[in-house]
Protein chains: 2
Amino acid sequence: MLTTDDLHASVSDPLLDTMNFLNEITTRHPDAISFAPGRPYDGFFDVEQVFTHLRRYLRHLEETGASPGQVRDALFQYGPTAGRIRGLVADSLRKDEGIDVPPEAVVVTVGCQEALLLAVRALHAGPQDVLLVASPCYVGVAGAARVLGVGTAPVHDREGGFDCAALRAAVLAERARGRRPRACYLIPDHANPRGTTMPLTTRHELLDLVAELDLFLLEDSPYRMVSPGPRIPTLKALDRDRRVIHLGSYAKTLFPGARVGYAVADQPVTDRAGCTGLLAAELTKIKSMVTVNTSPLSQAVVAGMLLAADGHTARLNSEASAYYGDTMRTTLRRLEECFPPERRRALGVRWTRPEGGFFLALDVPFAADNAALTRSARQYGVIWTPLSYFHPHGGGTHGIRLSTSYLTEHDITEGTARLARFVEAEAAGGGRPLR
Amino acid sequence: MLTTDDLHASVSDPLLDTMNFLNEITTRHPDAISFAPGRPYDGFFDVEQVFTHLRRYLRHLEETGASPGQVRDALFQYGPTAGRIRGLVADSLRKDEGIDVPPEAVVVTVGCQEALLLAVRALHAGPQDVLLVASPCYVGVAGAARVLGVGTAPVHDREGGFDCAALRAAVLAERARGRRPRACYLIPDHANPRGTTMPLTTRHELLDLVAELDLFLLEDSPYRMVSPGPRIPTLKALDRDRRVIHLGSYAKTLFPGARVGYAVADQPVTDRAGCTGLLAAELTKIKSMVTVNTSPLSQAVVAGMLLAADGHTARLNSEASAYYGDTMRTTLRRLEECFPPERRRALGVRWTRPEGGFFLALDVPFAADNAALTRSARQYGVIWTPLSYFHPHGGGTHGIRLSTSYLTEHDITEGTARLARFVEAEAAGGGRPLR
């Protein structure tokens, strides 16, 4: 009989238990309004799109000179490990983001999660190497590191956002412990879970700092193209020293069901023979041992969508961006109404005010743990995500994350009202167990 | 500037260089006949199948009660990490293989490679844990272990096939070194690279032995359903003690472009709280940190194919199996003609005689290394794979693998004739560098 102690430590990760708990709560309370899932709104999806986009890509292959046999093989056979559609991805990055890299700098991956895993694996060579993680942060980064046995250390946000001084302090502290920080993972735009966006000046400051500290940045930016309004340039677009590995996802801009993401890694790497290639080629080697290649079928549908938009995924998502902007603004407005300024101050409730993305975070005057979540779901019919889930190194005990992407206006209005009643009750001591 | 020494050791794996070398040789000699790629023959593929199978699965969802919104989400949204089509996979395993497990024992993966990675990760908890690998073996198993930093040790074939005494000896030797062997990876049917198949008596003996030694088996069987003739039961079908984790691939039976495989892991696992689940659930946790889930789009096409065949992938592949049987028999017959018995003995050439699968191996009287391969491609117009590639722990220096799956009868006839001329020349000393 196996026990979990016989298995790799990653299966006993408390993170996974908490995520399982969230799934269970959601299943057990199907009528609750859930601010938990970070999924795209599916009202824009249409089954026929898949067929149309697939046909468009196949036609494109024909029109660019592929024989019928080559078209067939592009769909059915194993494809190149780095991906079949790197050129279209590079083209789109140039048009959408001003990220100008050759196709050879792109690796097409099974969603952004694989891109993250490959980058973390490549950069961490020995037990002393450590990955810094902006905290709070997307849970998948800690997960990938744990599967690989790579150590992590937090860089805590200060005053609600990423702080370069905190990064410097973390690097120095890790070095003092004999560890070698290799990279820092962060989401500069509309970050999961707090929705904060890094100002342009901080971006420049950060790029200077990582060059000074000899560090790489893993920039994850899934929400940029599905957010309204102007965009601050990505770290990668500003990256003059090739310090940034840009991690991309089509889950939000196209659709999650394709499971297609990418890494942009244009860093030169020299091997022992003195030959120089790109870091992307090294990530590709690792990918060949993880998933061999990304489904050519999925790539074909994604390619059809990119062709339809002539590479401009921002334009493709104008309607979705407006929708997400509306749900975010509605949520913020309802929160204002539910917690007028005076009441807010009295309760000690405050929240972030993102201008885009899927998430915002609330500070609450009680421990927002699984027990509180259970009470919220059972007694108030509203589900949210404890912010502590996004603090794998501890913290976030009195915070909750609200996802605004998936709900209708009606559900937001009703859901925030329920949330307010729950918060009031908890603040009044309703959550304290009787003694 | 990065160097490969700054990166994880897996990127400097000599294995990868050899595979790259093979790709380069193939690109540099496009007119050479190549016995290298282990790809399915693509003459059976038809682009319209993808559309038909996708429609069939969507119709199936409707017919089994899904609302239009649920059908749409099944294709577009994130799906369950363990897969959306586990029930169909379990049904097919029951019909094809007599492997009778509940859907909960199945994890749908991004090809068999991810299934292998997840199983190796789960079973190896600490630095003392070691994976045994039947040798020679598929290169991907050594690759997955290296990415994860898991140590491996070979179990060398004896007299052309897997030998239980060699496994026992390897386990005892590893234990004497203070290491803990956890599992043994092998391909019991038409193994890559030698095409050998394990007899039924050995299967029973092996299952008894691993129960005695407290070891798991990672059974990989990609070629069974695309091989002609009767099949010996899988280890999993004979597995009474739940010692076998069965790794599956649809790359050969359906098509590589879907990148859909699976793991069957029905081993009970007890956690610290005393709750018991299946090993599949633990693999699912790891998968959530590697690829999150397998493309629902790819799963939908695979599901459509399984539905079309009512789960019988063997029946679906009857034409392909006959084709591969023909190409294998043709290759063997041409080798007999090129190397008549007397000449064969004089040269010291011999080969395996598989009854199915994609591969056979030749022993040759010279070092079949990259230099020899270069001469073969350049001067004789024929490409093969050095058998040493499949011996990551050393060995196989005087062997070559021939893949028979991808070539036409004409190419096989011409290719074996070229190969014979090359072998004769090498044996006559033609390959020795001048001094």
Side-chain angles (χ1 to χ4, degrees), chain A residues 1-4 6-11 16 39 42 45 47 50-51 54 58 71-73 75-78 110-111 113-114 117 121-125 140 143-144 146-149 255-259 267-272 279 282 285-286 288-298 301, chain B residues 1-4 6-11 16 39 42 45 47 50-51 54 58 71-73 75-78 110-111 113-114 117 121-125 140 143-144 146-149 255-259 267-272 279 282 285-286 288-298 301:
Chain A
M1 172 75 86
L2 280 168
T3 72
T4 45
D6 295 325
L7 303 178
H8 188 253
S10 57
V11 304
L16 291 164
R39 303 203 285 177
D42 43 20
F45 296 143
V47 165
V50 169
F51 296 89
L54 196 47
L58 297 177
V71 171
R72 183 191 61 197
D73 284 7
L75 210 54
F76 281 94
Q77 281 287 12
Y78 296 101
V110 181
Q113 185 68 25
E114 192 196 23
L117 183 96
R121 174 68 303 167
L123 290 176
H124 297 82
R146 283 180 207 189
V147 164
L148 297 170
F255 65 110
R259 296 304 302 137
Q267 287 71 20
V269 178
T270 307
D271 70 13
R272 288 186 173 182
L279 182 58
E282 308 299 324
K285 290 180 188 172
I286 300 173
S288 74
M289 306 182 244
V290 176
T291 58
V292 182
N293 57 17
T294 303
S295 163
L297 173 66
S298 283
V301 176
Chain B
M1 170 76 87
L2 280 168
T3 72
T4 46
D6 295 325
L7 303 178
H8 187 252
S10 57
V11 305
L16 291 165
R39 303 205 284 177
D42 43 21
F45 297 142
V47 166
V50 169
F51 296 90
L54 196 48
L58 298 177
V71 171
R72 182 192 63 196
D73 284 7
L75 211 54
F76 281 93
Q77 281 287 11
Y78 295 101
V110 181
Q113 185 68 28
E114 192 197 23
L117 184 96
R121 174 69 302 166
L123 291 175
H124 297 81
R146 284 181 205 189
V147 165
L148 297 170
F255 65 110
R259 295 306 301 138
Q267 287 72 20
V269 178
T270 306
D271 69 14
R272 287 184 174 183
L279 181 59
E282 308 299 326
K285 290 180 189 173
I286 300 173
S288 73
M289 306 181 243
V290 176
T291 58
V292 183
N293 58 17
T294 303
S295 163
L297 173 65
S298 283
V301 176

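From a predicted model like this one, the values you see are computed outputs, not experimental measurements. A note on names: the letters A, B, ... follow the listed sequences, proteins ahead of strands, and every chain is numbered from 1.
For the set B:D6, B:L148, B:V71, the count of heavy-atom pairs under 4.5 angstrom toward chain A peaks at B:D6. Between chain A and the residues B:P268, B:A9, B:G111, the largest count of heavy-atom pairs under 4.5 Å involves B:P268. When each of A:R72, A:Q267, A:K285 is checked for heavy-atom pairs under 4.5 Å with chain B, A:R72 comes out on top. Of the listed residues A:G143, A:A122, A:A144, the one with more heavy-atom pairs under 4.5 angstrom with chain B than any other is A:A122.
At a 4.5 Å heavy-atom cutoff, the contact between B:A258 and chain A is made by backbone atoms alone. Contacts of B:D73 with chain A are made by side-chain atoms alone, with heavy-atom separations under 4.5 Å and no backbone atom involved. With a 4.5 angstrom heavy-atom cutoff, B:L117 touches chain A only via side-chain atoms.
Closest approach of B:V110 and A:N293 over heavy atoms only: CG1-O, 4.3 Å. Nearest heavy atoms, B:V292 versus A:Q113: CG2-CB, 3.6 Å. Of all the heavy atoms in B:L54 and A:V50, the pair that sits closest is CD2-CG1, 3.8 Å. In terms of heavy-atom proximity, B:T3 sits nearest to A:V269 at C-CG1, 3.9 Å.
Between the CG atom in B:L7 and the NE2 atom in A:H124 there is a gap of 11.0 Å [rounded to 0.5 Å]. Taken to the nearest 0.5 Å, the OG1 atom of B:T294 stands 9.0 Å off from the CZ atom of A:R259. With rounding to the nearest 0.5 angstrom, the CG atom of B:L75 is 6.5 Å from the CZ atom of A:F255. Note that CG of A:L2 and OG1 of B:T270 are 8.5 Å apart. Values are rounded to the nearest 0.5 Å. Here A:D42 contributes atom CG and B:Q77 contributes atom CD; the two are 5.0 Å apart, rounded to the nearest 0.5 Å.
Between the side chains of A:S295 and B:S298, at least one donor N or O lies within less than 3.5 Å of an accepting N or O.
In this structure, B:R39 has no salt bridge (Lys or Arg N to Asp or Glu O under 4.0 Å) partners at least two apart in sequence or on a different chain. Remark: A:T291 engages A:E114, A:K287 in a side chain to side chain donor-acceptor pair (under 3.5 Å) (not counting sequence neighbours).
Using a distance-only test at 3.5 Å, with no hydrogens or angles considered, a donor-acceptor pair links the side chain of A:R121 to the main chain of B:V147.
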